[in-house]
2 protein chains.
Amino acid sequence: MAAFHSIEPPPLTESLVDLVAQRFRVLGEPMRIRLLDRLREGEATVGELQQALGASQQNVSKHLGILHAAGMVSRAKRGTSVVYTIADPAVFDICDQVCGGIRRQIAGLESILQTSLPA
Amino acid sequence: MAAFHSIEPPPLTESLVDLVAQRFRVLGEPMRIRLLDRLREGEATVGELQQALGASQQNVSKHLGILHAAGMVSRAKRGTSVVYTIADPAVFDICDQVCGGIRRQIAGLESILQTSLPA
DNA sequence: TGGCTACACAACCACATGCTTGTGCTAGAG
DNA sequence: CTCTAGCACAAGCATGTGGTTGTGTAGCCA
């Protein structure tokens, strides 16, 4: 377990690097971001998510399967439906940080525009 | 700017979702993770990064270009070399959180293995 | 000036991935 | 038992992306 401490920077193991990259790539699809954002409001069935995002049932199911395989959401059969829930709330902290980085970037761009376009 | 507040969950704008996804995808490549991890120790030239990762010069340069376009690293010409530096330290906080998520996941898997494999 | 080093850029190929179409499976309604 | 709704899985196509090869360019050095 000592290999996963990030306090003292150890040169990341190759397998750990792959795990991190894979996890990032799961979050690197707009559809999955939207699914997680919708699930932020609470649990939802596949049909509800499908209607909320305006996508095909198969596509929604596929992305939900990827999110489930990554351990970010959890399934639960309820009648004929399947209810999905956020399994790892830490995903939102990560998204917030990414949004923060984007916000800083945009702020920087705006300051440049304001200085170069005095009009 | 009100569109980027994440305190009260607003339904993410489509363009913002794409930005977030794109940013995640930049971090979704093992080579780029390794580059950032190496740059964590301090600035480095392309040649040093190339030797540290054991990759081709063109490939390293390509990934560095992507990281630079994403605003995560910054260039600086020094003689004939080009020195790269971490431009947005927040990336490491994100990586740490992802590592934390993986750690929790592995811990969960271990507990399952220990209960199902008493030997 | 000629050559060399260090790096970036562009074209190409191979592979991974997203979306659609088609289909199978399960649970409830009748 | 049959029918339907809800969902997951598999194949196929189109696109995006990583890696290599080849080449152009800028900055030293002799």
Side-chain angles (χ1 to χ4, degrees), chain A residues 12 14-15 17-39 43-85 87, chain B residues 14-15 17-39 42-85 87:
Chain A
L12 267 52
E14 186 171 353
S15 56
V17 168
D18 292 342
L19 278 177
V20 173
Q22 179 189 349
R23 203 166 176 83
F24 273 125
R25 235 180 336 190
V26 170
L27 297 174
E29 287 304 312
M31 178 84 61
R32 292 195 279 269
I33 296 286
R34 278 193 281 264
L35 283 170
L36 291 173
D37 184 55
R38 169 59 186 83
L39 288 176
E43 60 179 27
T45 67
V46 178
E48 292 170 349
L49 293 171
Q50 170 186 357
Q51 187 176 359
L53 301 190
S56 69
Q57 177 267 321
Q58 291 91 334
N59 199 14
V60 170
S61 179
K62 188 171 186 176
H63 285 294
L64 286 173
I66 295 176
L67 289 171
H68 181 253
M72 299 180 182
V73 299
S74 50
R75 312 187 203 225
K77 295 209 65 173
R78 182 178 303 172
T80 69
S81 301
V82 175
V83 178
Y84 280 87
T85 321
Chain B
E14 186 171 353
S15 55
V17 168
D18 292 342
L19 278 177
V20 174
Q22 178 189 350
R23 203 167 177 82
F24 274 124
R25 232 178 332 188
V26 170
L27 297 174
E29 287 302 313
M31 177 85 58
R32 292 196 278 269
I33 296 286
R34 277 192 283 263
L35 284 171
L36 291 174
D37 184 56
R38 169 60 186 81
L39 289 176
E43 60 179 27
T45 67
V46 179
E48 292 169 349
L49 293 170
Q50 170 186 356
Q51 187 176 359
L53 303 189
S56 70
Q57 178 267 322
Q58 290 89 337
N59 198 16
V60 170
S61 180
K62 188 171 184 175
H63 285 294
L64 285 172
I66 295 175
L67 289 171
H68 181 252
M72 300 181 182
V73 299
S74 50
R75 313 186 203 225
K77 293 208 68 174
R78 184 178 301 172
T80 68
S81 299
V82 176
V83 178
Y84 279 88
T85 322

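Since we're looking at a predicted model, the values are computed, not measured. Chain A is the first sequence line, chain B the second, and so forth, proteins listed ahead of strands; every chain is numbered from 1. Side-chain atoms are counted along with the backbone in the values below, which use heavy atoms only and exclude waters and symmetry mates.
Of all heavy-atom pairs between B:R23 and B:A70, the closest is NH1-O, 3.4 Å.
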Pairwise N/O distances under 3.5 Å, protein to nucleotides 21-29 of chain D:
{"residue": "D:dG22", "atom": "O6", "partner": "B:Q58", "partner atom": "NE2", "Å": "3.3"}

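In 5' to 3' order, the nucleotides of DNA chain C bounding all contacts with chain A (an atom under 4.0 Å from a heavy atom) are C:dT17 to C:dG28.
Between the OH atom of A:Y84 and the P atom of D:dG6 there is a distance of 15 Å, rounded to whole Å. As rounded to whole Å, 16 Å separates atom P of D:dT15 from atom CD of A:E29. Atom CZ in A:R25 sits about 12 Å away from atom P in D:dT17, given to the nearest Å. Straight-line distance from the CG atom of B:L35 to the P atom of D:dG18: 12 Å, rounded to whole Å. Between the CZ atom of A:R75 and the P atom of D:dG6 there is a distance of 18 Å, rounded to whole Å. Note: CG (B:L64) to P (D:dG19) measures 12 Å, nearest angstrom. If you measure from atom CG of A:D18 to atom P of D:dG18, you get 14 Å, rounded to the nearest angstrom.
Residues satisfying the side chain to side chain contact (heavy atoms under 4.5 Å, CB included) criterion with A:T45, sequence neighbours excluded, are A:E48, A:S81, A:V83. Remark: B:R25 pairs with no residue by the side-chain hydrogen bond (donor to acceptor under 3.5 Å, both in side chains) rule, at least two apart or across chains.
When side chains are defined from C-beta on, A:R34 counts as touching B:E14, because their heavy atoms get closer than 4.5 Å. A heavy-atom distance below 4.5 Å is not found between the side chains of A:L35 and A:Y84. Considering only heavy atoms from C-beta on, A:L36 comes within 4.5 Å of A:L27 through its side chain.
With A:V73 as the fixed residue, the side-chain contact (heavy atoms from CB on, under 4.5 Å) test singles out one of A:T85, A:L39, A:I66: A:L39.
B:S81 comes within 4.0 angstrom of the backbone, heavy atoms only, and of no base.
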With a cut-off of 3.5 Å and sequence neighbours excluded, list every side-chain donor-acceptor pair involving residues 49-56 of chain B.
{"residue": "B:S56", "atom": "OG", "partner": "B:N59", "partner atom": "N", "Å": "3.2"}

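Evaluation of the salt bridge (Lys or Arg N to Asp or Glu O under 4.0 Å) test over residues 76-85 of chain A, restricted to residues two or more places apart or in two chains, returns A:E43-A:R78.
For D:dG19, the OP1/OP2 oxygens have a side-chain nitrogen or oxygen of B:H63 closer than 4.0 Å.
Nucleotides of DNA chain C nearest to B:K62 and B:G47 differ in position, and the one nearer the 5' end is that of B:G47.
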